[in-house]
Structures are given as C-alpha cells and as structure tokens.
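Because the structure is predicted, anything quoted here is derived from the model rather than measured.
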Amino acid sequence: MNFVIIGGVAAGASAAARLRRLNESCRIVLLEKGENISYANCGLPYHLGGVIPDRDDLLVMSPERFTAWMNVDVLTRTEAVAIDREKKLVVLRTPDGMKTEPYDKLLLATGATPAGAGKTGERLLHLWTLADMDKVCLRLRDAKKVIIAGAGFIGLETAENLRERGLDVTLIQRGGHVLPTLDGEMAGVLADELRSLGVDLRLGVTVDGFDESGNGISVRLNSGETLQADFMIECIGVRPNTSLAENAGLALGPKGHILVNEFLETSDPDIYAAGDAIEVKDPIFGGKTAVPLAGPANKQGRIAAGNMLGGRTAYPGSLGTSVVKVGRLTAASVGYTEKRLSAAGTPYRKIYLHPSSGASYYPGAARLSMKLMFGDDGTIYGAQITGTKGVDKRINSIAQAMKNGLKAPDLGTLELAYAPPFNSAKDPVNFAGFIAENVLSGLSDVVHSDSIPEDVRILDVREPEEFASGAIPGAVNVPLGQLRSRLGELDKAKFTVCYCQVGLRGYLAERILKQNGFRAANLSGGWTTWKMFHPGG
C-alpha cells in the first residue's frame with residue numbers, strides 16, 4: 001500500500017514513524033513544503049534568547065536520518081498543490097517541476113499559519129517556522145528595539161527572550177490582559193512580571209497599520225499613538241492551513257478547520273487529518289473545538305497512522321492543557337476559562353485558593369494561585385494556576401482527573417506523591433477538591449471578590465497587624481481567635497462575608513457563625529484574591 005503524508009512536523013512525522021513501526025512493507029511518502037521536518041517550533045523563542053544557543057538542537061530529526069531509520073521517502077521543499085480524489089493522486093510542486101504521487105491512504109497534517117501572515121514587509125516578521133526564526137535572527141544583528149503584537153504563548157516567550165537578549169521590547173495586546181487562556185484576574189501577576197523584566201506592556205490596543213523605512217518600522221495603534229522600532233513580530237494567533245482540503249471538496253468546520261470523526265477520518269474515508277488543521281471533540285461539553293498545540297498533534301498523528309492501517313482507535317478529544325514560562329513565573333490552564341463559560345451561557349461555580357507548593361516548613365516552598373470551575377454536578381470545566389514552583393504538575397493532575405471523568409470533589413481523594421522537599425501531605429490539588437466538596441455539599445457558601453453583595457457585613461478575621469497592612473473597604477476586624485468570645489458584638493440579622501488572607505480562616509469563621517445562628521459566607525481566596533481583582537485597592 002502507498003501512504004502519503006502531507007506535512008512533516010508534529011502530526012505528520014509522528015504518523016510516518018508510527019506507520020513504519022506497525023508495517024515494514026508499505027511505502028510511506030512524507031511531504032514537507034519547507035526544508036526541515038520534525039523540528040521543535042516551540043523552542044524558537046528560546047533560541048532567539050540564547051537559552052538554546054545551537055540552532056541544530058531544534059532539529060529533532062533530519063530528513064536523512066529519518067529516511068535511514070524509518071525507510072520513509074522524505075521529500076522536502078515539496079508542496080502539495082492539489083488532491084485528485086477520484087484518481088487518488090496528490091499533485092506536487094517540487095524543485096524539479098510538477099509531479100504526482102499516488103496514494104491508497106492520505107494524511108493531511110498541514111498545520112496552521114500565523115493569522116497575520118498575509119501582511120508582508122522586510123521588518124514585519126512572524127515566528128512560526130525555522131525560516132521565520134532565521135529572519136528574526138538576521139534582524140537581531142543590529143536591532144535595539146522590537147515591537148511584539150500579541151501576548152499569547154509565543155508573544156510572551158518571545159518578549160521575555162528578546163528582553164533577556166538586551167532589546168527594548170514593547171508588547172501589544174488587543175485584550176485587557178495577557179495570555180487569553182487565563183482569565184483577567186489570574187493573568188495580572190504575569191503582566192506585573194513582564195513589567196518587572198522591563199517589557200513595555202500595552203493592553204487594550206491594536207495595530208492599525210505600519211510603515212517601513214530604510215532603517216525601521218512605524219507602528220500605528222488604534223489609540224492614535226505611533227511607535228518606532230527596528231522591526232515588529234506579529235504573534236496574533238493562527239489559522240488552519242486547509243485550502244488544499246477545501247479545494248479537494250473535503251468538509252470544513254465554521255472556522256475553516258477540517259472536519260474529522262473520532263477516528264480522524266475526513267469526509268473522504270481514504271483521507272485522514274491530524275494536527276492544527278482539524279476540529280476535534282470537546283471532551284467537556286461534547287461539541288467541537290480546535291486546539292493548536294504540539295501535544296495533541298503528536299498523539300493524533302500516532303492514532304491516525306494506526307487507523308490508516310485498519311485500526312479503529314478513537315481520539316478522545318483535546319482539553320487544551322497548556323503551560324508557559326513568564327520570567328520567574330509559570331502559568332498553566334486546562335479546559336474552559338470563565339470568560340468562555342460566560343459567553344456560552346453555561347452556569348458554573350468557581351473557587352480560588354492559594355496553597356503552598358510544598359511543605360511550609362521546608363525551605364523553598366512558594367505560594368500558588370489556583371482557580372477551579374465546575375458544574376453543579378461537580379463536572380470540572382477548567383482550571384488555572386500561576387506560581388513559581390509546582391504549577392505544571394498540579395495542572396497535569398487536574399487534566400488527568402478531567403480526562404478520566406472525575407468530579408471536582410474527587411480531586412480531594414487523589415493519592416499524590418508526598419515528601420517535604422516536593423509537596424505537602426495534602427497536595428494543593430487535594431485542597432481544591434476539599435473546597436469544591438464543601439461548596440457542593442452546602443457546608444460552605446462562597447462569595448467572590450468581583451461580586452460582593454451590597455449591604456453586607458464584611459468581617460476580616462486576620463490578625464490586627466495584617467488588617468492594618470491593607471483591608472477591604474468597610475471591613476470590620478475581629479481576629480479568628482477572638483470570634484467566639486465576641487459574637488455578641490455582631491448583629492445576627494446582618495449577612496456576613498468572612499475573609500482572611502487566603503480563605504482558610506475565613507472558612508473557619510463561616511462555620512463558627514453558621515453554627516451560632518448567623519447567615520454567613522466565605523470570600524473565596526480571601527484578601528489575596530481580592531487584590532487580584534482590585535490591584536490598586
């Protein structure tokens with residue numbers, strides 16, 4: 001049989017290798033428009049910053065070695081320009097002219113393209129491929145100032161690395177906060193970190209246009225301001241490369257992604273698709289989603305290969321688990337943000353907590369900030385975590401709980417490794433489960449810092465010195481240790497919102513008040529979360 005794979009990076013290379021491991025006798029042709037296959041495009045910003053000094057370290061597998069190891073015909077600088085589904089041929093543009101390649105089964109792993117790739121210029125660049133990176137490297141030779149448009153994963157990583165290299169960096173973001181995979185209050189600490197690194201961060205603005213001169217670029221913002229730099233890098237998201245599929249008559253989704261079934265088959269049973277170009281199942285709500293991340297793409301390529309050989313392995317969908325480094329901080333998320341849930345009209349509950357990354361008595365432990373969203377039945381909709389240590393392993397634990405259908409309270413039952421240098425006996429993920437269980441059982445009622453009801457008593461149960469260092473306006477201070485003896489000072493007719501530094505003492509105060517005839521709730525995440533919503537307060 002002839003297997004043809006279009007696209008030689010994450011999904012395509014993974015599929016080709018898997019095909020050969022499963023079948024030694026078939027013919028496999030791997031087509032790649034560029035000069036390289038199987039390279040680490042997630043590492044591009046780190047080469048720019050010198051963290052990965054050798055460019056060749058980004059080349060996971062050369063075409064020559066891939067051919068030798070896997071017995072795959074690797075054709076680089078070869079562009080698939082058309083698919084003849086009736087004749088089962090792929091039309092190719094090669095360095096030697098136009099050719100055709102027959103197939104029995106075809107895999108489309110055509111990936112995605114930067115959303116602004118239609119704009120061209122000598123000093124307007126992108127960062128998606130090795131060739132893109134090489135163009136940026138050329139500009140870095142004599143550059144002092146750069147503008148980066150877009151504060152997603154690539155924009156943040158590029159801003160940090162170019163700042164580390166000594167450039168004057170301005171980072172522009174359309175939305176009101178960086179990193180759209182987080183909600184605004186969770187992303188605020190990332191903005192602070194960027195500013196501490198010396199990045200000039202501009203939020204809530206867009207690029208209206210640009211003009212290039214011989215030695216620089218002028219970038220016009222919708223605010224009316226014009227910025228000057230040596231060059232600009234656009235990192236404003238991606239769009240799927242699906243014109244080949246569209247021209248072949250394959251079914252596409254509403255945003256142009258290739259439609260596939262659970263076995264990664266397109267609307268043509270002899271053509272499969274994987275990676276950034278496809279829509280996949282949303283495991284949380286059962287609809288469709290698109291998740292342009294390397295992890296899902298590699299897994300899809302592996303599954304598609306087995307199915308092209310006659311297997312029936314279903315791809316379970318993508319939760320969008322992600323993590324990014326921003327200076328000293330790590331930010332991670334999985335599933336839906338609160339913004340997406342609200343936009344979809346989906347009812348949800350949320351909790352905040354700020355546990356320690358490790359045993360508090362062991363040197364080096366650091367605070368995490370966590371947000372968990374779930375339904376009335378406990379279904380976990382999403383989670384977000386920021387901090388300096390242990391962020392990645394906590395988001396991975398929650399992601400695996402979601403994949404396996406565990407409910408929010410089940411997080412409290414997870415058996416996770418413990419030793420003082422690494423963790424507490426109760427992991428932060430366990431604490432999230434405990435809080436969710438208390439909320440869903442009615443043991444605790446939570447109020448949130450962005451929606452504190454009017455005409456309530458706000459009771460600060462921290463110590464007087466904590467209260468003096470900053471408090472919610474109008475709060476009354478009664479330290480937790482004095483609360484039972486001072487209940488007579490409080491009016492039972494008044495609804496009371498309790499809070500402390502991170503939420504624990506507030507919960508204890510809530511339980512004391514409720515069991516003494518008061519109506520009370522706990523401010524989720526306490527003063528620390530309140531400050532996230534009111535950074536100038």
Side-chain angles (χ1 to χ4, degrees), residues 3-18 29-45 58-61 63 66 72 74-83 90 92-93 106-118 125-135 150 152-154 234-248 250 252-253 255-260 264 266 271-280 288-305 308 315 318 320 322:
F3 294 93
V4 176
I5 299 169
I6 302 175
V9 189
S14 178
R18 177 68 169 170
V29 180
L30 181 62
L31 309 174
E32 171 54 44
K33 182 179 178 181
E35 294 186 3
N36 303 104
I37 65 166
S38 193
Y39 60 86
N41 55 355
C42 295
L44 303 183
L58 299 173
L59 302 175
V60 179
M61 181 72 72
F66 197 82
V72 169
V74 180
L75 305 180
T76 57
R77 295 187 295 162
T78 299
E79 181 182 5
V81 296
I83 300 170
V90 181
L92 308 177
R93 181 183 292 116
L106 175 65
L107 174 65
L108 302 179
T110 48
T113 299
L125 306 177
H126 301 277
L127 190 60
W128 191 247
T129 66
L130 277 171
D132 293 335
M133 183 190 73
D134 291 338
K135 291 178 182 178
F153 299 118
I154 297 173
E234 277 201 333
C235 306
I236 56 175
V238 296
R239 52 180 172 81
N241 286 330
T242 54
S243 59
L244 186 65
E246 182 178 17
N247 293 337
L250 299 178
L252 302 182
K255 295 185 178 180
H257 298 85
I258 302 171
L259 292 181
V260 295
L264 303 177
T266 69
I271 302 178
Y272 291 71
D276 294 355
I278 70 171
E279 276 191 355
V280 296
K288 290 288 188 178
T289 187
V291 180
L293 294 172
N298 276 279
K299 296 174 184 68
Q300 291 159 18
R302 176 184 171 88
I303 289 172
M308 290 166 75
Y315 181 69
S318 299
S322 64

Separation between CH2 of W128 and OG1 of T113, rounded to the nearest 0.5 Å:
8.5 Å
Interatomic distance, CG@L244 vs CD1@I6, rounded to 0.5 Å, equals 5.0 Å
Please list, chain by chain and in numerical order, all residues satisfying salt bridge (Lys or Arg N to Asp or Glu O under 4.0 Å) with R93, sequence neighbours excluded.
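Expected list: E79.
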Could you pull out the closest heavy-atom pair between [X] and [Y], with the gap in Å?
| X | Y | answer |
| --- | --- | --- |
| A304 | L107 | CB-CD1, 4.0 Å |
| D276 | P292 | OD1-CA, 3.2 Å |
| P114 | H126 | CB-ND1, 3.7 Å |
| L293 | S322 | CD1-CB, 4.4 Å |
| I278 | A290 | O-CB, 4.0 Å |
| A248 | I83 | CB-CB, 4.0 Å |

Would you say NZ of K288 has more than 12 non-hydrogen atoms from neighbouring residues, nucleotides or ligands within 6.0 angstrom?
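It does: K288 NZ has more than 12 such atoms within range.
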For [X], which residues count as a side-chain contact (heavy atoms from CB on, under 4.5 Å) partner, sequence neighbours excluded?
| X | result |
| --- | --- |
| A13 | S38 |
| T242 | P240, L252, I258, A277 |
| V29 | V4, R27, L31, D73, L75, E101 |
| N36 | Y39, R55, L59, L130 |

Any heavy-atom pair between the side chains of [Y] and [X] that's under 4.5 Å?
| X | Y | answer |
| --- | --- | --- |
| T110 | K33 | no |
| L30 | I37 | yes |
| Y315 | P296 | yes |
| Q300 | V280 | yes |
| L108 | L250 | yes |
| M133 | L127 | yes |

Partner residues of N298 under the side chain to side chain donor-acceptor pair (under 3.5 Å) criterion, sequence neighbours left out:
none
Tell me whether T78 contacts the main-chain N or O of T76 through its side chain, where contact means a donor paired with an acceptor under 3.5 Å.
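Yes, the answer is positive, given that a donor and an acceptor are paired below the 3.5 Å cut-off.
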Using modelled atom types and a 3.5 Å cut-off, is there a donor and acceptor pairing between side-chain atoms of T266 and backbone atoms of A273?
no
